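Notes to accompany the following structure.
Everything numeric in this text was worked out from a predicted model, so none of it was measured.
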Amino acid sequence: MIATLGYSAVSSPTGNVSNLMYSGPSQYVGWKYQDPSIIFNLAAGQTVSSISLYVAAYNPILGNANGLVAAPASVELTINGVPTGVTFSLTSINDDTALITLSGFGLISSSSQFGLTLNRGVLQQDGINYYNDHVKGYNPADPYNSSNCVTFCDPDDGIYSSGFRKEAALGQTGELKPNSGLEPWIMLSEVQFLTAAVPEPSTWVMMIAGFAGLGFMAYRRKARPALAMA
């Protein structure tokens, strides 16, 4: 299924969701502080001429409640380990969901192994606000002093660190440089493999729930925010 609701309503670290908006299996798998690479092998006799990825989009209406999630800025394709050029397009399905389409790479056959690498985009406003409120004012010489932060400080290291300065702000101190840093989370709902000769994608659908073992909530043990889930 293609997730069309906000990720926080249709995903859970437990794999099952039950709330007023949705009840059922988690519809997203997520990666924090990573540009994930996924390897695919087609069933015998199948071919692919375009690839569709359904991802959680940054929703500015939610402000800081957006959860530090945004669509990938780019997707790289490799075929048998060789980087292959693609035509990349990103369109909005609604405020919470985006569709990425990859095309222009010719035809991938079942004799080939191919991989996708999803690359995070620059920090959105919620990430900038998180840095300004919780990271910029942290003083390593006085690690328990939160007077320069809003509510709490996110330290650079230790058990209470989310790793935001290193992994999202890319080590920056002081004011962030414009269009810099990387939004922490990528959330992927579904990937579809299509051929021009077969417009009906149902037999090509790969349900992304199978990737839950890749570490949907690898960082949920952290004590501080900078997390995708509310």
Side-chain angles (χ1 to χ4, degrees), residues 2-3 7 11 27-43 46-58 66-93 96-124 127 163-164 166-172 177-196 198 201 204-219 228:
I2 298 169
Y7 69 87
S11 55
Q27 295 184 10
Y28 278 105
V29 62
W31 294 266
K32 181 184 179 187
Y33 299 155
Q34 297 180 56
D35 297 329
S37 294
I38 311 171
I39 302 297
F40 301 94
N41 290 279
L42 293 176
Q46 307 296 339
T47 57
V48 170
S49 61
S50 67
I51 302 171
S52 298
L53 302 94
Y54 293 84
V55 297
Y58 175 73
N66 189 74
L68 304 175
V69 173
S74 64
V75 179
E76 300 172 14
L77 170 67
T78 59
I79 302 176
N80 294 326
V82 178
T84 303
V86 300
T87 299
F88 174 97
S89 68
L90 187 150
T91 56
S92 176
I93 295 178
D96 301 302
T97 314
L99 167 63
I100 294 173
T101 302
L102 306 179
S103 59
F105 51 79
L107 200 65
I108 303 174
S109 71
S110 56
S111 62
S112 300
Q113 181 186 78
F114 64 101
L116 300 176
T117 299
L118 285 58
N119 297 309
R120 291 182 292 153
V122 298
L123 283 174
Q124 302 298 309
F164 192 96
K166 176 183 177 182
E167 303 292 348
L170 305 182
Q172 294 183 77
K177 297 177 182 179
N179 298 315
S180 66
L182 296 171
E183 193 77 348
W185 281 91
I186 288 174
M187 304 286 284
L188 178 61
S189 169
E190 179 171 303
V191 181
Q192 293 181 345
F193 307 116
L194 310 172
T195 63
V198 185
W204 301 88
V205 173
M206 179 209 68
M207 295 308 294
I208 200 63
F211 290 120
L214 295 178
F216 172 49
M217 283 296 167
Y219 282 78

Practice problem: Specify the closest pair of heavy atoms between Pro72 and Leu90, including all atoms of both residues, with the distance to one decimal. | Solution: O-CD1, 4.0 Å
Quiz prompt | Residue pair Trp185 / Gly30: nearest heavy atoms and the distance that separates them | solution = CZ3-C, 3.8 Å
Quiz item: If you round to the nearest 0.5 Å, how far is OG1 of Thr117 from CG of Asp35?
Solution: 8.0 Å
Self-check item: Within-4.5 Å side-chain heavy-atom neighbours: Arg120 and Ile186
Solution: yes
Quiz item: Should Gln192 and Ile2 count as side-chain neighbours, where that means a heavy-atom distance under 4.5 Å?
Solution: yes
Quiz item: How about Glu183 and Leu68: do any of their side-chain heavy atoms sit closer than 4.5 Å?
Solution: yes
Exercise. For Tyr58 and Asn66, work out which heavy atoms get closest and say how close.
Key: CD1-ND2, 2.9 Å
Self-check item: Non-hydrogen side-chain atoms of Leu116 and Leu102 separated by less than 4.5 Å
Solution: yes
Quiz item: Taking atom CD of Glu190 and atom CG of Leu99, what is their separation to the nearest 0.5 Å?
Solution: 10.5 Å
Exercise. State whether the side chain of Asn80 and the backbone N or O of Gln113 hold a donor-acceptor pair below 3.5 Å, judged by distance alone.
Key: yes
Quiz item: What are the two closest heavy atoms between Gly67 and Tyr7, and how far apart are they?
Solution: CA-OH, 3.1 Å
Exercise. Hey, can you tell me if Tyr33 and Phe164 have their rings parallel, tilted or perpendicular (30° and 60° cut-offs)?
Key: perpendicular
Quiz item: To the nearest 0.5 Å, what is the distance between CD1 (Ile108) and CZ (Phe40)?
Solution: 10.0 Å
Quiz item: Is the closest side-chain heavy-atom distance between Leu53 and Leu188 below 4.5 Å?
Solution: yes
Quiz item: Which heavy-atom pair separates Gln172 from Gly181 by the least distance, and what is that distance?
Solution: NE2-N, 3.9 Å
Quiz item: Do Pro184 and Leu123 have side chains that get closer than 4.5 Å, going by heavy atoms?
Solution: yes
Quiz item: Is there a side chain to side chain contact (heavy atoms under 4.5 Å, CB included) between Val55 and Ile100 once you walk through the steps?
Solution: CA-CA 8 Å; Val55 297; Ile100 294 173; 4.2 Å; yes
Quiz prompt | Side-chain heavy-atom pair Tyr54, Ile93 within 4.5 angstrom cut-off | solution = yes
Practice problem: Evaluate the side chain to side chain contact (heavy atoms under 4.5 Å, CB included) criterion for residues Thr47 and Leu42: first the C-alpha distance (whole Å), next the side-chain angles of each, then the deciding distance (0.1 Å), finally the verdict. | Solution: CA-CA 8 Å; Thr47 57; Leu42 293 176; 5.6 Å; no
Self-check item: Shortest non-hydrogen contact between Ser50 and Ser103, atoms and distance
Solution: CB-CB, 4.3 Å
Self-check item: All side chain to side chain contact (heavy atoms under 4.5 Å, CB included) counterparts of Thr84, not counting sequence neighbours
Solution: Leu77, Ile79, Phe105
Quiz item: Should Phe114 and Phe193 count as side-chain neighbours, where that means a heavy-atom distance under 4.5 Å?
Solution: yes
Quiz item: Between Ser189 (side chain) and Ala3 (backbone), is there a donor-acceptor pair under 3.5 Å?
Solution: yes
Practice problem: Could you list the residues that satisfy side chain to side chain contact (heavy atoms under 4.5 Å, CB included) with Leu170, not counting sequence neighbours? | Solution: Leu182
